[in-house]
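For reference, the structure is listed below as structure tokens.
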Amino acid sequence: MSIVNAKDMLLKATEEKYAVGAFNITNLIQMEAVVETAVEKKAPLIIQTSVTPSKFLNPKVLVAVYRTLAESAPIPICLHLDHCSDVEYCKQCADAGYTNIMIDASKQDFEENIRQTKQICDYCHGLGNISVEGELGTVSGVEDQVKVAEDEAALCDPEQALKFVDQTGVDIFAPAIGTAHGVYKTKDPKLDFDRLQKIAEMINGKQARIPLVIHGGTGLKPDVARKLVSLGGSKFNVSTDLKHALIDTTYDYISSHRDEYNPGKIDIAVKEGIKAKIEYWIDLLGSAGKA
Ligand code: 13P
């Protein structure tokens with residue numbers, strides 16, 4: 001039950017109107033923390049790595065640890081490569097055993113985005129049960145190697161979205177609707193709910209059934225996050241919040257334990273910090289008990 005790809009997991013979430021937390025991790029303590037919390041909450045889970053930590057830790061090591069944790073966990077868990085704009089690295093991670101790949105060609109023009117996304121879809125589907133996420137429009141902010149200035153960000157055109165999913169064969173679709181990576185600069189970021197609703201009607205309706213992804217989860221208010229889920233967002237990405245938890249708990253622990261030289265104690269503190277955040281998101285997204 002445990003090692004799955006994302007599409008079926010997310011179709012179920014779409015139908016039942018909750019979202020699966022897709023949590024970016026940068027080290028193995030974080031990976032253990034997200035899995036432990038999801039198991040405790042009986043929640044389906046997507047573990048994500050951006051390209052830099054994936055390369056740093058080695059995709060084969062990540063897959064081995066993921067499989068070891070997932071095989072003994074009584075919940076479905078995916079391992080997803082996040083925002084990869086390098087076609088060859090997408091293929092490398094698919095070969096290594098990631099269960100989902102995001103090819104991010106959203107900075108390319110429409111036709112080139114379609115071409116690259118289709119190339120990865122064909123490759124991953126050819127390998128077996130690997131699902132692919134593609135993005136249309138651009139999400140502003142910084143996510144690892146992908147940087148989009150606010151004035152460069154473009155929202156997703158619903159008509160193009162239908163053409164994109166049709167021509168690429170993509171399994172999961174990320175439309176840019178005004179959310180941003182990192183910490184929001186304003187208290188009330190301007191999100192285009194109507195656009196999301198329209199895209200959901202077109203992509204998740206009669207013509208296609210493609211689960212939708214919400215990027216830029218960190219900093220969204222609870223009522224905003226719930227609204228995005230109710231409009232059809234079934235994969236909900238959270239990264240910056242977990243990085244802050246990692247750094248803040250490490251800093252707090254070291255500051256208040258200057259004479260402690262047992263690194264395992266920092267790991268325990270970090271794990272607890274991450275687990276508290278994951279619990280918050282799982283409860284907010286409504287995925288507890290859905291595994
Ligand atoms: P945040 O860093 O804003 O949580 O965004 C995460 C994300 O969308 C990863 O793809």
Side-chain angles (χ1 to χ4, degrees), residues 6 10 19-27 30-31 33-34 45-54 78-86 89-90 93 98-107 117 131-150 153-156 170-192 196 211-222 224-226 228-229 233-248 273-274 276-282 284-285:
L10 296 176
V20 177
F23 301 116
N24 287 63
I25 56 113
T26 53
N27 67 28
Q30 283 179 307
M31 196 193 285
V34 296
L45 170 67
I46 298 175
I47 302 168
Q48 306 196 138
T49 65
S50 304
V51 174
T52 304
S54 173
C78 309
L79 180 63
H80 175 89
L81 178 68
D82 201 27
H83 286 288
C84 182
S85 49
D86 175 349
Y89 196 67
C90 285
C93 287
Y98 275 66
T99 61
N100 305 289
I101 302 290
M102 177 182 187
I103 168 73
D104 183 352
S106 61
K107 277 189 150 183
T117 306
S131 52
V132 177
E133 176 179 332
E135 177 172 310
L136 197 57
T138 42
V139 176
S140 71
V142 178
E143 171 50 44
D144 191 40
Q145 301 175 345
V146 179
K147 299 179 182 65
V148 179
E150 246 172 78
L155 299 186
C156 173
V170 82
D171 302 285
I172 305 163
F173 181 64
I177 48 127
T179 57
H181 293 128
V183 176
Y184 285 94
K185 293 189 185 122
T186 53
K187 257 186 165 180
D188 288 303
K190 221 169 151 280
L191 309 189
D192 196 335
L196 177 63
L212 298 177
V213 186
I214 304 297
H215 280 259
T218 298
L220 292 177
K221 290 183 179 159
V224 171
R226 277 189 217 104
L228 292 168
V229 174
S234 62
K235 175 174 180 277
F236 199 98
N237 289 5
V238 180
S239 175
T240 304
D241 204 22
L242 306 182
K243 289 182 189 145
H244 284 206
L246 171 72
I247 305 284
D248 289 347
I274 301 287
K277 288 285 179 196
I278 301 293
E279 186 166 4
Y280 164 83
W281 283 105
I282 287 176
L284 178 60
L285 300 175

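When a ligand or atom number is given, it counts from 1 through the structure's own listing order.
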[X]: numbered ligand 1 atoms lying under 4.0 Å from its heavy atoms:
X: Asn24; result: 9 (C)
X: His83; result: 10 (O)
X: Ala180; result: 3 (O)
X: Val238; result: 4 (O)
X: Thr240; result: 1 (P), 2 (O), 3 (O), 4 (O)
X: His215; result: 8 (O), 10 (O)

Just checking, is any N or O donor in the side chain of [X] or [Y] under 3.5 Å from an acceptor N or O on the other one?
X: Tyr98; Y: Ser54; answer: yes
X: Lys235; Y: Gln48; answer: yes
X: Glu133; Y: His83; answer: no
X: Ser131; Y: Asn100; answer: yes

Atom 8 (O) of ligand 1: which protein heavy atom is closest, and how many Å away?
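Protein heavy atom at minimum distance: Gly216 N, 2.8 Å.
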
What is the closest protein heavy atom to atom 4 (O) of ligand 1, and at what distance does it sit?
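Here the nearest protein heavy atom works out to Thr218 OG1, 2.5 Å.
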
Within this structure, what is the NE2-OG1 distance for the pair His80 and Thr49, rounded to the nearest 0.5 Å?
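The OG1 atom of Thr49 is 8.5 Å from NE2 of His80, to the nearest 0.5 Å.
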
Given Glu143 and Ser50, is the side-chain hydrogen bond (donor to acceptor under 3.5 Å, both in side chains) satisfied, shown in steps?
CA-CA 8 Å; Glu143 171 50 44; Ser50 304; 2.5 Å; yes

Region of Asp82 that comes within reach of ligand 1 [heavy atoms, distance under 4.0 Å]:
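Near ligand 1, Asp82 shows its side chain, while the N, CA, C and O stay back.
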
Run Phe236 and Trp281 through ring-ring contact (aromatic ring centres under 6.0 Å, His included) and show every step you take.
CA-CA 9 Å; Phe236 199 98; Trp281 283 105; 5.7 Å; yes

Option of least heavy-atom distance to atom 3 (O) of ligand 1 (set: Gly182, Ala174, Ala22, Ser239):
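Considering heavy atoms of Gly182, Ala174, Ala22, Ser239, the nearest to atom 3 (O) of ligand 1 sits in Gly182.
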
